[in-house]
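Right, one structure below, let's go through it.
This chain uses plain numbering: 1 for the first residue, then up along the sequence. For ligands, and for the atoms within them, numbers begin at 1 and follow the listed sequence.
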Amino acid sequence: MSRPILEVSGLTMRFGGLLAVNNVALTVQPKQVVSMIGPNGAGKTTVFNCLTGFYQPTGGVILLDDEPVQHLPGHKIARKGVVRTFQNVRLFKEMTAVENLLVAQHRHLNTNFLAGLLKTPSFRRSEQTAMEYAAHWLEQVNLTDVANRPAGTLAYGQQRRLEIARCMMTRPRILMLDEPAAGLNPRETEDLKALIGMLRHDHDVTVLLIEHDMKLVMSISDHIYVINQGTPLADGTPEQIRNNPDVIKAYLGEA
Ligand SMILES: Nc1ncnc2c1ncn2[C@@H]1O[C@H](COP(=O)(O)OP(=O)(O)OP(=O)(O)O)[C@@H](O)[C@H]1O
């Protein structure tokens with residue numbers, strides 16, 4: 001097996017008297033789809049917030065390609081290729097779908113002020129490349145037809161796909177999706193599943209998923225971590241998790 005792209009040990013996050021994340025460990029191999037499940041308030045989003053530098057964890061080690069990153073701010077972690085979506089869609093609603101993708105591209109653009117003012121050939125080339133890349137991703141997520149519509153007017157499932165495309169504009173290595181199927185109908189969830197599979201197979205992306213839709217989790221994950229009240233309860237393949245008595249009792253029994 002290759003070296004883990006992400007290895008988390010002893011991750012702990014305390015908010016005053018509340019231990020929201022207690023000694024969580026995760027090992028993620030490149031190109032895997034790894035899911036985190038657990039009831040509401042289990043601490044899953046807090047783990048995401050620690051992994052993306054939004055919170056500085058109270059304790060623990062986060063290794064990205066063997067390099068400790070638990071002390072780094074969010075923008076530095078993003079630069080290392082870790083990007084995420086949020087539970088609630090966070091698009092620029094007044095901007096068109098394609099504009100939403102172009103704003104994510106700024107790091108790869110030639111943003112030299114003078115070059116932009118003078119519209120130098122290299123600036124134009126970099127603008128052209130950004131536009132082509134945005135068109136590519138709109139096509140990949142099947143949104144070419146609505147490229148010029150304000151993002152806020154798109155159907156919910158389309159907005160979710162646009163968010164993923166926006167993440168992909170930054171050429172991530174790890175894509176973290178927080179409840180991407182929430183609010184989707186069964187067909188949109190199937191589209192999402194196909195999209196995640198395509199990202200992994202065609203774009204070498206590693207996917208970390210928080211999701212309550214057990215059918216999706218079971219069908220797409222290589223490995224699943226179960227968290228309960230901030231504490232790891234079990235981890236394993238979908239088959240192992242499906243047959244784990246503690247998990248059945250705590251979660252799957254009601255699904
Ligand atoms: N910034 C914060 N300050 C104080 N408490 C917080 C903060 N963020 C999260 N919590 C608390 O930490 C616990 C874990 O919350 P978290 O959102 O991580 O759970 P979750 O598993 O993602 O839940 P859900 O499935 O509902 O999204 C909750 O009790 C929550 O109220």
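In summary, of the residues considered (Val34, Leu51, Val47), a side-chain contact (heavy atoms from CB on, under 4.5 Å) with Met176 occurs for Leu51 alone.
Residue Glu132 qualifies as enclosed at atom CD: its count of foreign heavy atoms under 6.0 Å is above 12. Enclosure of atom OH in Tyr156 by more than 12 non-hydrogen atoms of other residues, nucleotides or ligands within 6.0 angstrom is indicated. Residue-environment remark: NZ (Lys93) exceeds the threshold of 12 foreign heavy atoms within 6.0 Å. Within a 6.0 Å sphere centred on CZ of Phe15, heavy atoms belonging to other residues, nucleotides or ligands number more than 12.
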Using the rule given for side-chain hydrogen bond (donor to acceptor under 3.5 Å, both in side chains), can you reason through His212 versus Glu179, listing the C-alpha separation, both sets of side-chain angles and the distance that settles it, and then say yes or no?
CA-CA 7 Å; His212 287 290; Glu179 297 191 31; 3.3 Å; yes
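Residue Tyr55 places a heavy atom less than 4.0 Å from ligand 1. At least one heavy atom of His212 sits closer than 4.0 Å to an atom of ligand 1.
Note: His223 and Tyr225 have tilted aromatic rings, judged against thresholds of 30 and 60 degrees for the angle between ring planes.
Shortest contact from atom 10 (N) of ligand 1 to any protein heavy atom: Phe15 CE1, 3.5 Å. Among all protein heavy atoms, the one lying closest to atom 15 (O) of ligand 1 is Thr46 OG1, 3.8 Å. Among all non-hydrogen protein atoms, the one lying nearest atom 27 (O) of ligand 1 is Gln87 NE2, 2.7 Å. Looking from atom 31 (O) of ligand 1 to the surrounding protein, the closest heavy atom is Leu18 CD2, 4.6 Å.
Ion pair Glu239/Arg242 flagged as a salt bridge, since at least one NZ, NE, NH1 or NH2 atom sits closer than 4.0 Å to an Asp/Glu carboxylate oxygen.
Within the 4.0 angstrom cut-off, atom 18 (O) of ligand 1 has one or more protein heavy-atom neighbours.
In terms of polar-atom proximity, defined here as any N/O pair under 3.5 Å, Gly41 does make such a contact with ligand 1. In terms of polar-atom proximity, Gly43 is counted as a contact of ligand 1, with an N or O under 3.5 Å from an N or O of the ligand. Polar contact with ligand 1: absent for Ala20 (N/O pair, distance under 3.5 Å).
Under the 4.5 Å side-chain criterion, counting only non-hydrogen atoms from C-beta, Asp222 is in contact with Arg200.
Among Met13, Arg14, Lys44, the residue whose heavy atom sits closest to atom 25 (O) of ligand 1 is Lys44.
In the vicinity of Asn40, heavy-atom distances shorter than 4.0 Å reach the ligand 1 atoms 23 (O), 24 (P), 25 (O), 26 (O). Within the listing of ligand 1, atoms 17 (O), 18 (O), 20 (P), 22 (O), 27 (O) sit less than 4.0 angstrom from a heavy atom of Thr45.
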